[in-house]
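This structure is in structure tokens; I'll ask about it shortly.
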Amino acid sequence: MTSLPPFVLFFVGALVVALTKGAVRKAVVLGVPLVGLGSLWMGAGQDVAASGPQLLYQLELIGYTLTPFRADKLSLLFGYLFHIAAFLGFVYALHLGDGAPDGSVAEDVGEDDVVGNGTATLQHVAAMLYAGSALGAVFAGDFITLFVFWELLAITSVFLIWARDSERSYATGFRYLIIHVVSGVLLLSAALMIAHRTGSIEFGAVPLQGAAGWILLLSFGIKAGFPLVHNWITEAYPESTPTGTVFLSAFTTKVAVYALARSFAGADPLIYIGTAMTFFPIFYAVLENDLRRVLGYSMINQIGFMVAGIGIGTAMAVNGAVAHAFADVIFKGLLFMSMGAVMTMTGRTKGTDLGGLYKTMPITATLCIFGAAAISAFPLFSAFVTKSMIMVAAVDEHHYIVWLFMLFASAGVLEHAGIKIPYFAFFAHDSGIRTKEPPKNMLVAMSIGAVLCVLIGVFPGQLYALLPFEMDYHPYDTYHVVTQMQLLVFGALGFITLVKSGIYPDEKRAVHIDAEVLYRRLGPWLVRTVGGAVARVDAAVRASVMGVVGSVLGAADRSHGQMGPLARSWPSGSMVLWVAILLAAYLLFYLWEFGL
Amino acid sequence: MSEHLPALLVVVPLILAPVAALSNRPRAAFAAAFAGCWWALYASLALLTRVRSEGVISYALGGWAPPYGIELRLDLVNAFVAVTVATIGAVVIPYAWTSVKKEITEDRIPLFYTAFLLMLSGLLGITVTGDVFNVFVFLEISSLSAYSMIALGQDRRALTATFQYLIMGSVGATFIVIGIGFMYVMTGTLNMADLAERLPAVMDNRTIPVAFTFLTVGITLKLALFPLHLWLPNAYTYAPSAVTAFMASTATKVSVYLLLRFFFTIFGFAFAFGQMRLNMVLMPLSLVAILAMSLVAIYEINVKRLLAFSSVAQIGYMVLGISFGSVLGVTAGLLHIFNHALMKGALFMAMGCVMYRVGSVQLSKMAGLGKKMPWTMAAFVGGGLSLIGVPLTVGFISKWYLVQAALEQGNWLVAGLVMIGSLMALVYIWKVVEVAYFQEADSDVEIREAPLSLLIPTWVLVIASFWFGIDASTTAQVATDAAELLLRGGS
Amino acid sequence: MTPVEFVDIVLLILLAITGIAVIRTRNLFAAVMLAGIYSLVSAGLFVVMDAVDVAFTEAAVGAGISTVLLLGTLALVGDKEHKPQHTPILPLIVVLITGGVLIYGTSQMPPFGAADNPANQHVAPYYLEDSYDETHVPNVVTSVLASYRSYDTMGETAVVFTAVVGVLLLLARGPLPQRIHHDGEWITVRPGTTREELAAQFKAETEGGGGGPEGGGVDPGGGADPEDRGDTPSGEGGERG
Amino acid sequence: MDDRVILRVGAKILIPFIMIFGLYVHFHGDYGPGGGFQAGVIFAAAFVLYALIFGLGNAIQVLPPKAAYICAAMGVVIYLGVGFLGIILGGQFMDYSVLAYSYTGQHYGIIGVELGVVTTVFGVMVALFYAFAGRRRVDS
């Protein structure tokens with residue numbers, strides 16, 4: 001028994017959502033992911049288990065085979081994940097269109113909270129299409145199909161940013177769109193080259209040699225948030241609506257991780273790119289005040305682990321990468337949801353504006369801590385059973401330095417995501433804000449997320465069974481648990497020291513740190529120097545690129561703009577003169593070619 | 001009857017022209033034009049089917065054997081182009097009825113349809129003939145009728161635009177006839193096949209490159225290859241909507257066909273590309289056309305003019321394909337003739353709808369139209385997607401072949417430039433979408449959706465541009481076969 | 001120099017003189033008359049080249065009807081030409097270079113009228129030898145035009161018809177609708193509307209809005225759409241002729 | 001007008017001859033220079049001369065603009081009709097040989113198409129003349 005391509009259900013669902021209201025719409029947005037998940041599990045899932053990879057609904061296009069639905073273990077895993085993520089996201093966003101949540105929101109919380117019906121429709125439809133596009137991309141069996149959904153991902157998701165309906169979100173969305181369209185064009189370019197070289201457009205492993213491979217890598221890299229092209233993540237996520245960010249965080253980057261795993265498993269450069277990604281965002285994250293942006297940096301950091309795992313390329317590493325992607329969608333979703341809840345109820349996400357919310361939002365605070373524990377890889381939480389696979393694989397393959405960096409980054413995760421997020425939002429100094437728990441559907445969504453985090457952490461076997469490669473791995477041995485606990489304890493100590501000495505997140509006191517733990521001595525210094533250097537280089541590159549672009553555009557405007565010689569109308573006499581000049585030029589050229 | 005189709009394809013619309021003029025009633029003239037266009041569609045499709053199954057069709061007019069009499073000669077190449085022209089004619093003519101009633105005074109309407117029929121038969125006549133002088137004769141018919149129709153535009157500037165087109169078009173036609181004259185001097189024949197046979201014997205004479213030059217300049221002027229495109233933007237901008245849609249999708253395409261016919265069939269690939277290195281001229285010019293004209297389009301604020309500049313860029317794609325001188329390249333060029341006709345027809349027709357309701361196609365006047373004219377703007381977006389080259393549209397098929405042709409020759413630079421051209425198309429289409437969908441409309445102006453009689457033909461082309469983007473097997477097959485035929489240098 | 005060559009040269013010199021005179025004169029009436037003379041001289045030249053039919057047509061159309069039509073046009077637009085703003089140096093240089101290259105390029109052309117020219121070797125001899133047998137028309141030109149290549153002639157007839165369709169579309173049915181600038185708005189005015197009617201129309205439309213415009217406030221077609229800069233061909237006015 | 005006696009008398013004498021010459025050129029086209037095109041122009045010239053001398057009003061009474069316009073269109077119909085006749089009688093388009101036996105068919109065909117040409121050219125020339133002459137000066 002096979003099933004329809006999963007995106008179909010979502011696209012049809014989007015149409016229905018656009019046309020319905022109220023209870024029917026709510027039933028549809030919740031039903032579509034659940035029905036989709038069920039049909040995928042019972043249909044293609046069983047077929048793959050029984051008889052291996054399935055290529056379905058193939059058709060011919062100008063001599064190439066399009067495969068809109070390729071099901072194998074890798075794509076199925078992401079397929080299930082995206083259904084779950086979509087379900088969580090829609091539960092979380094269910095209150096949209098009901099007017100202000102609970103009617104209790106303070107007057108001055110800004111425009112983001114009172115969501116009218118029009119915006120709600122836009123968000124639901126966009127989210128539905130977005131999730132469908134992500135599924136389409138994951139099940140694409142060829143580069144053309146992939147390209148279509150790749151661009152659709154960009155186009156549909158940008159509406160989630162624009163849904164905030166402010167000048168800034170509009171500008172941000174536009175930049176977001178441009179970089180993703182560029183990514184798509186690069187993907188298409190690479191596909192053309194690959195088709196030209198191999199005669200096939202199958203979306204499979206691509207050797208990292210020649211222009212095609214590198215262009216493809218760059219295309220995937222933009223979506224995955226590789227260093228220097230990562231800015232869209234930290235720019236766009238904080239600009240979206242509270243509910244929109246939950247969707248954004250789930251799909252785009254994970255599709256890129258999937259694509260990398262599909263095409264570039266075992267490509268060495270990915271190890272170093274991934275390591276860099278785990279590493280550099282930490283400095284930004286520590287300095288950042290907007291908590292949703294902190295989560296954006298954390299996102300890059302987590303993807304870094306996955307990218308490095310894919311780069312290592314062994315069965316365990318790739319398994320670890322995709323498993324971590326699975327876990328990440330859920331715990332990062334949970335964190336974004338908790339911050340979204342805070343934002344919905346208070347209208348703020350700045351660390352300095354918040355604090356002390358645990359008094360009025362105890363449930364949200366608790367659930368947030370669950371997410372924080374998961375991302376920090378506490379034993380019995382999801383990241384512990386997934387990230388460790390990547391670390392182990394790194395050691396197995398003798399990438400010790402990489403392993404050290406990842407260890408450091410893991411501590412950094414605890415620092416900026418595990419502790420900073422819940423601490424500044426719910427504890428720290430009391431900001432005096434008194435509010436309520438968010439709407440019930442938000443709490444339900446967060447609870448499901450938290451339960452999943454724990455379930456994966458406690459019963460990793462279910463997840464492991466879904467992984468694409470066979471392996472024998474047990475996360476709960478003494479060595480792992482002890483190592484991780486040590487790391488966590490020292491990480492926590494570091495944070496406490498920093499806060500108590502009054503130097504967090506202010507950076508001027510770094511020299512006074514009494515250092516016993518390697519990362520703690522290095523940390524502040526790195527924050528100041530390396531982080532600063534990265535920021536300076538980044539800014540310089542950006543400024544010079546923008547300078548060049550600006551001057552090119554200026555020149556273009558002069559020659560091609562309304563009154564430029566290429567755009568304005570010419571007098572007839574000049575036109576004819578021009579023809580005569582060309583006639584002479586052609587004549588001379590041809591007589592020359594002819595041999596005079 | 002069916003053996004006379006090659007002649008009837010041209011002369012039925014031609015005789016309907018004076019009939020339309022004599023009827024002197026808008027409705028009757030329209031009926032004549034409608035009949036002529038649909039007859040042409042039927043005849044051209046029948047001919048294409050026949051050519052595909054039986055090979056080249058030769059029709060000796062007056063029963064005189066070529067080269068003494070005039071021959072109509074249909075192979076895959078011109079049958080394909082004839083179908084393109086006739087398809088657009090058949091779709092535009094029902095559109096014209098409503099659109100023209102609004103834009104042209106009623107007493108002019110019968111003569112307008114007369115001119116429309118003359119232009120159609122002129123273009124078809126150029127396409128099917130196997131005689132070079134006959135090409136010139138029908139070129140005159142189509143050009144003269146085009147001038148008069150453009151001049152009917154509502155804006156006074158239509159007159160200046162027509163005047164310039166008249167001057168430039170006449171220069172182009174004259175150059176073509178001078179080139180033909182030189183060829184006649186050197187061979188004593190006007191029949192294309194006969195010319196191809198007799199030219200090699202006199203290739204060492206310096207008159208041949210002169211003929212070659214005049215034909216290059218004349219034809220590239222007619223097809224508006226940069227930098228001889230100067231007549232095009234204003235002509236397309238100020239012509240009545242239906243005329244722009246028809247002209248933009250057919251007139252330059254037929255000139256591209258002439259380029260292929262003259263340089264591949266008559267002069268022969270080896271001479272044109274080997275000795276004269278025509279590609280050295282065509283490739284840089286077409287690349288500049290793609291980049292510079294797309295850039296101009298980005299800055300343009302009159303949407304019809306924007307699309308006109310985009311047309312010049314798109315012509316660049318066709319010529320670029322041809323300039324590769326390979327089967328893949330020429331296939332890309334031929335495919336783009338058909339594909340661009342569909343998408344640009346749809347886009348200009350959508351702008352015609354806007355013109356009908358808003359009375360202007362200035363970008364500033366289009367704010368909020370996405371809500372007020374949803375079907376029109378959706379059609380624009382559909383055509384725009386194709387122009388950008390999004391998969392599942394015809395534009396993608398063309399670009400795919402084009403890039404493959406570039407890669408086949410290891411020409412990475414050109415492949416990259418084609419992609420950049422697509423991005424630029426994205427920008428200028430987006431510019432319109434942004435205004436239409438994301439800007440607030442003037443609330444005090446009441447604008448309704450365009451009437452169905454305009455929307456249906458527009459959407460026929462939009463759907464066709466998706467249909468042939470999804471199932472490109474037929475068009476691609478015909479174009480590939482035609483390209484192979486051209487490169488074999490004969491028929 | 002044979003007498004024919006002498007006539008040739010005289011006629012060509014006359015042609016050149018007339019041509020230059022047409023370009024030089026600022027009086028369009030004189031230019032039209034000179035153009036007629038130019039046609040007549042060309043007709044003479046065609047006679048010398050044994051192309052009697054062509055000469056006949058040139059005389060009838062070029063020197064006859066076209067002159068009348070051009071005079072008719074002058075009656076509508078006046079007979080004074082604006083002084084050109086640009087010096088003709090650049091065009092002159094371009095024309096000289098192009099012309100020079102062309103003369104060089106065509107220097108290998110077969111000599112005019114030689115029997116062994118390719119043009120006289122292929123189709124032409126067939127017409128000369130066989131056309132009478134096949135059509136019984138003594139004038140080969142007629143049999144070629146009206147029978148062998150009658151499809152071309154059909155096309156030419158259609159061209160002539162197209163010309164009249166074009167002219168009638170533009171001229172014979174009253175003025176074209178015009179876009180005029182009124183009170184900051186561009187509107188389309190149906191043909192046949194007089195200024196008084198327009199003013200009345202505006203008054204009716206702006207009633208209550210206060211102060212309808214004067215009749216003279218209407219400025220038919222002047223200037224360009226302000227939003228549409230760059231669309232108006234610049235310098236067109238100074239380039240006439 | 002009345003004082004231009006010489007012009008009027010001269011024109012009255014000339015016009016019939018011009019027309020007869022037109023007929024000659026038309027029908028003699030088979031044997032010497034000339035044919036439908038030239039004949040059409042000559043007829044039109046005679047008419048234009050009449051209009052110039054006796055005024056546009058009189059000319060319009062002789063031949064209304066509409067008639068000229070119909071002539072222009074009818075000529076094309078006649079020409080193409082001869083072509084279609086070829087198909088109807090079982091030959092190719094424009095095939096005169098099927099119109100009658102041997103070269104007689106050629107004669108019929110040529111006379112037919114020349115008639116089309118002369119009608120169109122005459123009609124077009126007169127219509128053009130009317131179009132230009134019938135307009136007022138723009139800037140007056």
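Below, each value reflects all heavy atoms present in this structure, side chains not excepted, and no hydrogens, waters or symmetry copies. Chain letters run A, B, ... following the sequence lines, proteins first, then strands; residues in each count from 1. Note that this is a predicted model, so its numbers are computed, not measured.
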Shortest non-hydrogen pair, A73(D) vs P18(B), comes out as O-CB, 3.4 Å
Using non-hydrogen atoms only, which part of A60(B) is less than 4.5 Å away from chain D: side chain, backbone, both, or neither? both
Listing request: all side chain to side chain donor-acceptor pair (under 3.5 Å) pairs with a residue in residues 76-100 of chain D, at least two apart in sequence or in separate chains. S150(C)-Y96(D), D95(D)-S97(D)
Hey, could you give me the CG/OH distance between L22(B) and Y69(D), rounded to the nearest 0.5 Å? 7.0 Å
For chain B, which of L80(D), I70(D), V98(D) has the most heavy-atom pairs under 4.5 Å? L80(D)
Under 4.5 Å to a heavy atom of chain D? For A7(B) that would be side chain
Top of I70(B), T114(B), L72(B), L61(B) for chain D proximity - count of heavy-atom pairs under 4.5 angstrom: L61(B)
Closest non-hydrogen atoms of Y59(B) and F93(D), given as atom of the first, atom of the second and distance, are OH-N, 2.7 Å
Hey, is CZ on F84(D) packed in by over 12 heavy atoms from elsewhere, all under 6.0 Å? yes
With W64(B), which residues qualify under side chain to side chain donor-acceptor pair (under 3.5 Å), at least two apart? S147(C)
Does anything in residues 126-134 of chain B get under 4.5 Å of chain D by heavy atoms, and if so which residues? none
Test of understanding: with salt bridge (Lys or Arg N to Asp or Glu O under 4.0 Å), list the residues that count as partners of E71(B), not counting sequence neighbours. R73(B)
